[in-house]
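Comments concern the structure below.
To find a chain, count down the sequence lines: A is the first, B the second, and so on, and within it residues start at 1.
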2 protein chains.
Amino acid sequence: MKAPSDFQLQADLRRPGRRVTNQRWLILEVVRGTDSHPTAEWVYQKVRRRLPRISLGTVYRNLKLLAEEGLIQELESRGFGRYDGNTARHDHFTCQRCGRIFDLEVRVDPSLGRRIGARTGFTITHHRIEFYGLCASCVLAAGHAKGGETSKRARHRP
Amino acid sequence: MKAPSDFQLQADLRRPGRRVTNQRWLILEVVRGTDSHPTAEWVYQKVRRRLPRISLGTVYRNLKLLAEEGLIQELESRGFGRYDGNTARHDHFTCQRCGRIFDLEVRVDPSLGRRIGARTGFTITHHRIEFYGLCASCVLAAGHAKGGETSKRARHRP
DNA sequence: TTCATATTCAGGAATGATTCTTATTACTAT
DNA sequence: ATAGTAATAAGAATCATTCCTGAATATGAA
């Protein structure tokens, strides 16, 4: 799956009565430029380096708008929202210790939605698979931390 | 899959230095007694009928605690938390028009986590599959509502 | 039973992410 | 240029959730 060209993105963003502002464009670039599934706050901090006067509200508004246009993806996560610049169909793994979210390269049966839809009577437009557990480095870290002590979360954020 | 007996639940709840209070027990009953995947607020309103002096904080605290004990399940949903009294492994369908969440009877390949874990190197403890689309009644309703008007969400809640 | 201790509670304040409001600025088409 | 619309910055407001307090209550040991 190829990343869409800037030209294509421009076309998607530019529709009747909608402008392509610096802020919006830069926010899109930042989200597309990372695979860390960032929060609004993280995007805000990044964008701020180039547009120091931008406001957090603008970031929120545009993330929402970009997601509605289908140019980025909004992830379902507890507590705070996260965004994904990769709009290709893919699944995620969340490490429950460090909190990081990883893209899965492995594709899980793409006909799943269709099959379940046929069997249940629901009209299924899409689905989402989230895996949970420990990433490699956290397995190691958890192994070192002996003594029954509850391992504290690093709470990575992005 | 059978619902656990009250006796079993008692045993799970009663561990050293943990009491089984009216409040906690009733909250558990309410969540187990519905398949509507309620929010904390909804549980609060229900429980209040029998325990008028209970506080919302108590509901939150106990929902969290019951989820940690594995007696109920906490769903990952955007905006606000939802709980599920059905702790058996199952998937969900969310109607994007009315907002309701349905349990899926159909079981999707139970070995999924193991397979993906083996292929990716992550240590996967569990996974979650969420389907999205329209439920039967909303397909009907959406059909009636002609004229290009954006169908307003009923925002069911539970 | 009685005491000592820890848990849980109600009530309300505090927090934190997100959305909304308002006045201002910046495009776009005329 | 000008009028009209969309987008912005700043900060207030909202909403779900957590945290804090002091009082009440169960539990286990003596």
_So B:Glu41, base contact, sugar-phosphate only, or nothing? Heavy-atom distance under 4.0 Å._
nothing

*Starting at atom CG of A:Asn62, determine the distance to atom P of C:dT18, rounded to an integer number of angstrom.*
15 Å

*Charged N-O contact under 4.0 Å between B:Glu29 and B:Arg50*: yes

*Quick one: A:Arg24 CZ to D:dA6 P, roughly how many Å, whole number?*
11 Å

*Which nucleotide in the list D:dT17, D:dA9, C:dA10 gets nearest to the side chain of B:Thr58?*
C:dA10

*What integer distance in Å separates A:Glu74:CD from C:dA17:C1'?*
13 Å

*Answer yes if the ring centres of B:Phe93 and B:Tyr132 are under 6.0 angstrom apart, and no otherwise.*
no

*Whole-Å distance separating the CD1 atom of A:Ile54 from the P atom of D:dA7*: 14 Å

*Expressed in angstrom and rounded to an integer, what is the separation of B:Glu68 atom CD from C:dT8 atom P?*
12 Å

_Between C1' on D:dT8 and CD1 on A:Ile27, what's the gap in Å once rounded to a whole number?_
11 Å

_Can you tell me which nucleotide in D:dT17, D:dA7, C:dG11 comes closest to the side chain of A:Arg18?_
D:dA7

_Between P on D:dT8 and OH on A:Tyr44, what's the gap in Å once rounded to a whole number?_
14 Å

*Provide the full list of salt bridge (charged side-chain N to carboxylate O under 4.0 Å, His left out) pairs with a residue in residues 111-123 of chain A, sequence neighbours left out, each pair given once.*
A:Asp109-A:Arg115

_Output the rounded distance in Å from CZ (B:Arg53) to P (D:dT25)._
10 Å

*Could you tell me whether the phosphate oxygens of D:dT8, OP1 or OP2, come under 4.0 Å of any side-chain nitrogen or oxygen in A:Thr21?*
yes

*With B:Asn22, which residues qualify under side-chain hydrogen bond (donor to acceptor under 3.5 Å, both in side chains), at least two apart?*
none

_Results of side-chain hydrogen bond (donor to acceptor under 3.5 Å, both in side chains) for A:Thr123 - residues two or more places apart only_ = none

*asked:* So, using side-chain hydrogen bond (donor to acceptor under 3.5 Å, both in side chains) as the criterion, who are the partners of B:Asp35 when residues are at least two apart?
replied: none

What protein N or O atoms touch nucleotides 19-29 of chain C N or O atoms at under 3.5 angstrom, if any, and at what distances?
residue: C:dA26; atom: N3; partner: A:Arg19; partner atom: NH2; Å: 3.2

*How would you list, by chain and number, every residue that makes a side chain to side chain contact (heavy atoms under 4.5 Å, CB included) with B:Ser137, sequence neighbours excluded?*
B:Arg100, B:Cys135

